[in-house]
Structures are given as C-alpha cells and as structure tokens.
Amino acid sequence: MPNKLSPILNPEELLKIKDSSEIVLVDARAGIDAFENYKNEHLKGARYVDLNRDLATVETNPANGGRHPLPSLEKFSGVLSKTGISPSDHIIIYDDKNGSNAAARFWWMLRAIGHEKVQVLNGGLQAAIKAGFPVSSAPEIYDPTQDYPILKWYLGLADINEVEKARNNDENIVIDVRDKNRFDGLTEPLDLIAGHIPGAINVPFSENLNEDGRYKSAEALNKKYKDILANKNSENVIVHCGSGVTACHTLLAMDYAGLPIPKLYVGSWSEWSRNDREMATKEIK
C-alpha cells in the first residue's frame with residue numbers, strides 16, 4: 001500500500017520533479033491584479049485559475065451562499081478541462097499568500113471530487129523563487145483535455161441550517177479561521193457586519209504557519225488540532241471563514257497533520273451575516 005501523498009510540497013522537492021510530464025503547475029493567486037501579476041511573472045510552466053471565475057460562482061447577493069459559492073460540478077469539470085487537467089495528473093498549486101488565497105481552496109475542490117494527486121506549494125510563489133525555481137512572463141501553451149468526470153463533492157459540506165444546529169450542540173465544534181479582530185467584531189474589511197457566529201471558536205488560519213510563511217510541522221499541527229477538537233468526530237466539526245476560501249487553509253493543515261478533513265461551511269460569515277441570524281460582536285470600549 002503506497003504512502004498517502006502529503007498535501008504540502010516544499011519548493012526544494014518541486015525543483016526535483018518539475019520536468020515530469022505528470023506535473024501540472026497551477027497559479028491560484030487572487031485579487032484585483034492577480035492575473036496581471038501572473039502575466040508579468042509566474043513560475044515557469046504554471047497555468048492560471050481565477051478564484052471568482054473558475055473556483056466559484058459569484059452571485060449578485062452574497063446572502064445566497066456567501067461571496068464565493070462553489071461552482072456547479074458541470075462548471076468545475078469545464079474549468080479543469082480548459083486548464084488541461086485530467087484525472088491522472090499530479091497537480092501542484094501555489095499562490096502568493098502562503099496558500100491562504102485560493103491555492104488551498106483549489107486543493108480542497110480537487111480533493112472533494114476525488115482527485116488525490118494534488119499538493120499545495122509550501123511558502124507559495126515567494127518561497128519557490130527563493131529556492132531557485134525559474135520564472136517566466138511568457139504565455140503558457142497547453143491543450144485542453146476531455147471533460148473531467150465528476151460525480152459529486154465527496155468531502156463534507158455544511159449549509160447555514162446545519163451550522164445553526166451545530167453551534168448550539170455540545171457534540172459539535174464550529175471553527176472560525178478569520179483573524180481575531182474580525183472574529184471579535186473590531187474590524188470587517190469585506191462584509192457588511194462585523195462579528196462572528198455565536199458558539200463558534202476562533203482559531204486563526206495564520207496560526208498554521210511559521211514566521212517564514214511555511215506550514216508548521218505535521219506533528220505540531222496534529223497536536224494543536226487534536227487538543228482543539230477534543231476527540232470530536234470529523235462529521236461534527238465545521239470550519240468556516242469569511243467566504244469559504246481561507247477556511248480551506250485550515251482543512252489543508254488538518255489533512256497535513258494526518259487528521260480527517262472536517263466539513264466546510266462555504267457560505268461562512270458572508271452568508272450568515274446577511275440572513276438575519278443571531279450574531280455576536282465584542283463591545284468596543
């Protein structure tokens with residue numbers, strides 16, 4: 001029985017396998033200038049996926065599924081085909097925010113449809129360049145593949161009603177991975193209301209990383225999350241953020257730690273805070 005592929009790949013390891021015909025390198029930077037930045041400089045050979053266009057179906061009203069709802073399975077199949085990805089490919093994804101931008105989201109989506117050979121580049125773009133990986137500003141030429149066969153999302157998903165039940169149940173844990181100031185309601189740069197889901201606990205995704213922007217060791221993350229989860233079944237753990245993107249950073253950390261992947265609440269705070277649900281904020285004195 002072969003060892004399970006680690007969800008994290010170090011840049012030094014990527015350098016050794018970069019010329020393999022099985023490797024598909026994907027740039028998943030997000031933000032207003034992300035595609036322009038990709039065109040100006042990207043890891044040589046990397047294809048590009050766009051968070052809003054490819055990894056979500058952005059609705060006009062975030063009350064319906066949040067700011068980054070999952071795309072339909074049919075749409076996602078088309079994205080993979082357009083990007084030249086087939087079920088046998090070894091996908092390596094990076095962004096410029098230590099995986100918290102859209103690299104972990106794309107990783108989760110691939111794992112959720114049953115694609116096992118997928119990894120996120122530890123430290124992202126900056127670490128790869130520092131390790132000596134070549135960069136390019138030339139257009140990347142590749143052929144689309146046949147439609148990628150997708151049956152369903154195999155990893156756990158929770159909707160707003162399940163979160164409502166879970167937050168009042170001692171058998172469940174609802175984890176909010178946003179930074180503490182957003183959780184406490186002291187600041188909110190993206191959504192209309194500042195605060196958090198009552199009953200949720202705050203475990204910022206940034207705590208998954210060392211000071212150099214790379215993931216902490218699998219052993220350290222294993223201990224951290226075992227203590228937090230207190231032997232809860234993964235079916236009873238729900239992880240969320242602002243719009244279901246950075247939550248995947250923590251799901252990735254848990255998988256790296258050798259723990260089962262909990263449920264993802266994609267709608268997250270962006271959906272919850274727009275649906276007349278109970279909200280908690282910290283009084284600002």
Side-chain angles (χ1 to χ4, degrees), residues 3-18 20 22-31 34 37-38 42-51 54-56 68 70 76 79-80 83 85 89-131 133 154-155 177 204-210 212-222 224-225 239 241 244-262 264 266:
N3 291 331
K4 176 180 175 288
L5 186 69
S6 170
I8 298 294
L9 182 74
N10 290 318
E12 298 79 9
E13 297 173 296
L14 175 61
L15 281 169
K16 296 177 181 178
I17 62 173
K18 67 182 180 64
S20 168
E22 294 184 357
I23 296 296
V24 175
L25 188 58
V26 179
D27 187 311
R29 279 177 280 183
N37 293 337
Y38 163 80
H42 56 267
L43 298 186
K44 188 175 180 180
R47 306 164 192 187
Y48 181 77
V49 294
D50 181 88
L51 172 61
D54 300 325
L55 307 183
H68 291 109
L70 290 173
F76 190 41
V79 166
L80 296 178
T83 313
I85 291 174
D89 288 329
H90 180 175
I91 315 301
I92 299 170
I93 314 164
Y94 70 89
D95 60 33
D96 58 354
K97 295 291 188 294
N98 306 316
S100 67
N101 222 323
R105 165 76 167 232
F106 192 29
W107 168 86
W108 182 92
M109 291 171 67
L110 284 165
R111 285 291 305 275
I113 63 168
H115 195 114
E116 295 292 332
K117 293 170 66 176
V118 54
Q119 296 175 290
V120 170
L121 190 60
N122 205 3
L125 174 67
Q126 298 88 338
I129 293 174
K130 186 176 180 180
F133 198 98
Y154 290 99
L155 295 182
V177 311
F205 75 89
S206 57
E207 295 177 359
N208 298 325
L209 303 171
N210 289 313
D212 64 0
R214 296 200 189 195
Y215 272 83
K216 293 178 179 177
S217 70
E219 294 75 18
L221 291 169
N222 181 280
K224 170 188 175 72
Y225 284 106
V239 180
C241 54
V245 177
T246 54
C248 296
H249 191 278
T250 290
L251 299 180
L252 174 59
M254 291 186 183
D255 188 52
Y256 182 45
L259 301 172
I261 300 173
L264 170 64
V266 178

Point to revise | Steps toward side chain to side chain donor-acceptor pair (under 3.5 Å) verdict (Asn122, Tyr256) | key: CA-CA 11 Å; Asn122 205 3; Tyr256 182 45; 5.3 Å; no

**Study point:** Pairwise side-chain contact, Met109 with Leu55, heavy-atom cut-off 4.5 Å (strictly under)
**Key:** yes

Review point. With a 4.5 Å limit on heavy-atom distance, are the side chains of Tyr48 and His42 in contact?
Key: no

**Study point:** salt_bridge(Arg214, Glu12) N-O dist < 4.0 Å
**Key:** yes

Point to revise | Nearest-0.5 Å distance, SG of residue Cys241 to CZ of residue Arg105 | key: 8.5 Å

Point to revise | Flag side-chain contact, heavy atom, 4.5 Å: Ile92 against Val118 | key: no

Point to revise | For the student: nearest non-hydrogen atoms of Ser100 and Asp95, plus distance | key: N-OD2, 3.6 Å

Revision key, fill the gap. Separation between SG (Cys248) and CG (Leu155), nearest 0.5 Å, reads 9.5 Å

Check your understanding: Between Asn101 and Val245, is any pair of side-chain heavy atoms under 4.5 Å apart?
Key -> no

Check your understanding: Is any side-chain N of the basic residue among Glu116 and Lys4 closer than 4.0 Å to the acidic one's carboxylate O?
Key -> no

Review point. Do side-chain atoms of Lys97 reach the backbone of Ala102 as a donor and acceptor pair under 3.5 angstrom?
Key: no

**Study point:** With sequence neighbours excluded, residues passing ring pair (Phe, Tyr, Trp, His ring centres under 6.0 Å) with Tyr215
**Key:** His249

Practice item. Report the C-alpha distance between Asn222 and Leu259 in whole Å, list the side-chain angles of each, state the deciding distance to 0.1 Å, and finish with yes or no for side chain to side chain contact (heavy atoms under 4.5 Å, CB included). Key: CA-CA 7 Å; Asn222 181 280; Leu259 301 172; 3.8 Å; yes

Review point. Which distance, rounded to the nearest 0.5 Å, do you find between the CE of Met254 and the CD1 of Ile261?
Key: 10.0 Å

Check your understanding: Within the distance-only criterion (no hydrogens, no angle test), does the side chain of Gln119 pair as donor or acceptor with the backbone N or O of Ser6 below 3.5 angstrom?
Key -> yes

Point to revise | Side-chain heavy atoms of Leu251 within contact of Pro262, under 4.5 Å | key: yes

Check your understanding: Looking at CG of Leu25 and CD1 of Ile91, how far apart are the two atoms once the value is rounded to the nearest 0.5 Å?
Key -> 9.5 Å

Exercise for review: For the residue pair Leu70 and Phe76, establish whether any side-chain heavy-atom pair is separated by less than 4.5 Å.
Suggested key: no

Exercise for review: Report yes if the side chains of Ile17 and His90 come closer than 4.5 Å at any heavy-atom pair, otherwise no.
Suggested key: yes

Practice item. Hey, could you give me the CG/CG distance between Asn10 and Leu121, rounded to the nearest 0.5 Å? Key: 8.0 Å

**Study point:** Where Ala103 and Val120 come nearest, the two heavy atoms and their spacing
**Key:** O-CG2, 3.9 Å

Review point. Charged N to carboxylate O below 4.0 Å: is that the case for Glu207 and Lys216?
Key: no

Practice item. Report yes or no: does Arg47 contribute a side-chain atom to a donor-acceptor pair with the main-chain N or O of Thr83 at less than 3.5 Å? Key: yes

Check your understanding: Among side-chain atoms of Tyr225 and Asn208, is any donor-acceptor pair under 3.5 angstrom?
Key -> yes

Review point. Is there side-chain contact between Phe106 and Val26, with heavy atoms separated by less than 4.5 Å?
Key: yes

